[in-house]
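What follows is a set of notes on a single structure, which appears directly below.
Every value quoted in this text rests on a predicted model; they were computed, and no experiment measured them.
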Amino acid sequence: KTILFGFVITIVGLLLCFSCKEVDDSQKADEQFDNYITRMVGFTISPISGNTGEDGTQATFTVKLKSQPSGSVVINISISDTSEGVVSASNLIFKINNWLINQTVTVTGVNDDLIDGNQSYDIVLAPATGTDTYYFGLDPSDVSVINIDNDIAGFTIESISGNTTEALGTATFKVKLNSQPTADVTISVSSSDTGEGTVSSSSLTFTSENWNANQTITVTGVNDDLADGNQSYSIILAAATSSDSDYNGLNPNDV
């Protein structure tokens, strides 16, 4: 009886051992399969072709899947700073028949009119949605971009409309800024010879709202009662004063 009982116990132990081994092997197989799937699913994202620019310069990159999905895979696209760039598509959709085809995203630089230097921003690729369970929630890497600044402090001064005359004949010219200032910019205006001409305003002030709107100076000739022939003189535009360091002290050309 003792021998028979021991034999039965041995057989049961062996059966349990084989059963546990099958469970272990099954778990290992599942883990290996999951690891395989993890290595296979994913995204291939090309480096971006270059920088964008405030002059509208564009850059591109491409995205495709690493493996064929069982259903749709959707990646939403956004910009971390829309004042620096915009993208050509709001999302990318991959399906069973196009997963291996590169889809191109075009990024276009935006002009912000500010002298803010070159600015870095990101093309944000959101975690995938869709019907494929292995791709769902998988987050592709974002793409970093630099937008090249093209704004320079300066003045646009139009040519004067003509000559003044001693019969109080007038002439005009216009002034505006080349970029949006961070503070008011004031330019004093005067005549180099008030015996020949006077100006309609003693100063021009540009703000962050009206910086790119032309401001007009009218110059009126003065009669000096002298037979002195035609006389040249200048309208003096003094160096700008401003809390904006890019404009403060910048001296526009006289007219």
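At a cut-off of 3.5 Å, with distance as the only test, no side-chain donor of Asp184 or Thr207 sits close to an acceptor on the other residue. Between the side chains of Ser245 and Asn248, no donor N or O sits under 3.5 Å from an acceptor N or O. Looking at Gln58 and Thr106, their side chains never bring a donor and an acceptor atom within 3.5 Å of each other. Gln180 and Asp113 form no side-chain donor-acceptor contact under 3.5 Å, judged by distance and modelled atom types alone. If you check the side chains of Ser46 and Thr62, you find a donor sitting under 3.5 Å from an acceptor. Side-chain polar atoms of Thr52 and Tyr121 form a donor-acceptor pair below 3.5 angstrom. For the residue pair Asn178 and Thr156, a side-chain donor N or O sits within less than 3.5 Å of a side-chain acceptor on the partner.
Gln215 places a side-chain N or O within donor-acceptor distance of the main-chain N or O of Thr205, the cut-off being under 3.5 Å. Side-chain N or O atoms of Asn212 include none that pairs as donor or acceptor with a backbone N or O of Ser179 at under 3.5 Å.
Annotation for Ile235 and Phe173: closest pair CG2-CZ, 3.8 Å, computed over non-hydrogen atoms.
Checked against the 6.0 Å centroid threshold, Phe94 and Tyr135 do not count as a close aromatic pair.
Residue Asn214 qualifies as enclosed at atom CG: its count of foreign heavy atoms under 6.0 Å is above 12.
In summary, of the residues considered (Ile148, Asp151, Asn118), a side chain to side chain contact (heavy atoms under 4.5 Å, CB included) with Glu54 occurs for Asp151 alone.
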